[in-house]
Undergrad: 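Sharing a structure here in structure tokens format.
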Protein chains: 2
Amino acid sequence: MIRNTRQRAAVNAVFDELEGFHSAQEVHARMRAAGDTIGLSTVYRAVQALVDDGELDSIRTDAGEAIYRRCSARHHHHLVCRACGRTEEVEGPTVERWADRVAGEHGFVDVKHTLEIFGTCAACHATAAPTPVDGPARQG
Amino acid sequence: MIRNTRQRAAVNAVFDELEGFHSAQEVHARMRAAGDTIGLSTVYRAVQALVDDGELDSIRTDAGEAIYRRCSARHHHHLVCRACGRTEEVEGPTVERWADRVAGEHGFVDVKHTLEIFGTCAACHATAAPTPVDGPARQG
DNA sequence: GGGGCATGTGAGAACTGTTGTCGACTGACC
DNA sequence: GGTCAGTCGACAACAGTTCTCACATGCCCC
Ligand SMILES: [Mn+2]
Ligand SMILES: [Mn+2]
Ligand SMILES: [Zn+2]
Ligand SMILES: [Zn+2]
């Protein structure tokens, strides 16, 4: 049985205050800095549980780190500024249908997909680029 | 200046004989097993150089491991069977236009994207599922 | 065909993110 | 309150990747 614990609730609460994507390690550091006592393993277990519950969405940086964000319930994708890290949720039936169709044409069933879009947001394009964030290694 | 070395050529050659995606560690093990003497660090450096040159395409498994494949020059995406790991290259203007359009609508410039499709291929769907391969953690 | 030397190599150490271990703890249920 | 499976967290272990640095070797120039 899944039990309600202070730690799980606290991790969940952190994502109420946080915009955008954050790693388990960062969440752990923030909680510790705020006086919360919680183990790193517990943070990892909590974010994974939250992803399983659909509370958080997770993507992986180009460096291989998993980052998490409070996620709206609707299926969507992310548009990420590679300069400032700002993310927008984007969605649309076009790409959903395309993915299902090409998979079906190849005889694949039980189809899911991952899609992330990287670019430079208008603000960052206007000014000089601040601290960069990893985009994809190669356009794929 | 970039120098031509036996090791770099050998890593490149490995991908001529190999279908699908393979990790740096696997390539290293194959080369060692075949009697090639090469260091793991060198394999990592070689595949990275090949990705930079556009000779290889790289994606990251859900477990965070980078895997590499000889890549056709045309822009495309991958349709991966989560049961047997078989991959198909898929492409189409629909999804390209969609990604560029939604990014443009949000004021983003210099846009790239990553897209992978996961499913069960017809062969694996017909038989019982063999050794599974990771798909995405969550449909995104 | 040699020097000279910047570039590349590779064994091993180090580093990163993540997961496993296991004794202590505690929320849920009675 | 008592029971006990689920949970915690310090720590170790692990996997993939990158760094270090002494040694080797392509490449340019003669
Ligand atoms: Mn989608
Ligand atoms: Mn594309
Ligand atoms: Zn930006
Ligand atoms: Zn298959």
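Chain naming here is simple, since letters A, B, ... match the order of the sequence lines and numbering starts at 1 in each. The shown structure was predicted, so the numbers you read here are calculated from the model rather than taken from an experiment.
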Undergrad: Mind checking which nucleotides bracket the chain A contacts on DNA chain D, 5' to 3', with an atom under 4.0 Å from a heavy atom?
TA: D:dA5 to D:dC11

Undergrad: Side-chain contact test, heavy atoms from C-beta onward, threshold under 4.5 Å: evaluate it for B:Trp98 versus A:Ile117 and give yes or no.
TA: yes

Undergrad: Measure across A:His76 and A:Cys71 and return the closest heavy-atom pair with its distance rounded to 0.1 Å.
TA: CE1-SG, 3.2 Å

Undergrad: How far apart are the closest heavy atoms of A:His113 and A:Ala99, and which atoms are they?
TA: ND1-CB, 3.7 Å

Undergrad: Mind checking whether A:Phe15 and A:Leu56 have side chains closer than 4.5 Å, heavy atoms only?
TA: yes

Undergrad: Tell me whether A:Arg70 is salt-bridged to A:Glu55, with the criterion being a basic N under 4.0 Å from an acidic carboxylate O.
TA: yes

Undergrad: What residues form a side-chain hydrogen bond (donor to acceptor under 3.5 Å, both in side chains) with B:Glu91, not counting sequence neighbours?
TA: B:Arg74

Undergrad: Go along nucleotides 25-30 of chain C 5' to 3' and tag each nucleotide: B for a protein heavy atom under 4.0 Å from its base, S when only backbone or sugar atoms are that close, - otherwise.
TA: -BBSS-

Undergrad: So for atom CD, which belongs to A:Glu105, do other residues, nucleotides or ligands contribute more than 12 heavy atoms lying within a distance under 6.0 Å?
TA: yes

Undergrad: Is there a residue in residues 13-39 of chain B whose heavy atoms reach under 4.0 Å of DNA chain C, and which residues are they?
TA: B:Arg32, B:Thr37, B:Ile38, B:Gly39

Undergrad: Can you name the side-chain contact (heavy atoms from CB on, under 4.5 Å) partners of B:Ile38, sequence neighbours left out?
TA: B:Gln7, B:Val11, B:His28, B:Met31, B:Thr42, B:Val43

Undergrad: Tell me, which of residues 41-49 of chain B have any heavy atom that sits under 4.0 Å from an atom in DNA chain C?
TA: B:Ser41, B:Thr42, B:Arg45

Undergrad: For the pair A:Thr61 (side chain) and A:Glu65 (backbone), establish whether a donor and an acceptor sit closer than 3.5 Å, ignoring hydrogens and angles.
TA: yes

Undergrad: Show the nearest heavy-atom pair for residues A:Tyr44 and A:Ala24, with the distance to one decimal.
TA: CE2-CB, 3.6 Å

Undergrad: Taking side chain as C-beta onward, heavy atoms only, is A:Phe118 less than 4.5 Å from A:Asp62?
TA: no

Undergrad: For a quick test of reading the model, state the closest non-hydrogen atom pair linking A:Cys124 to A:Cys81 and the distance between them.
TA: SG-SG, 3.8 Å

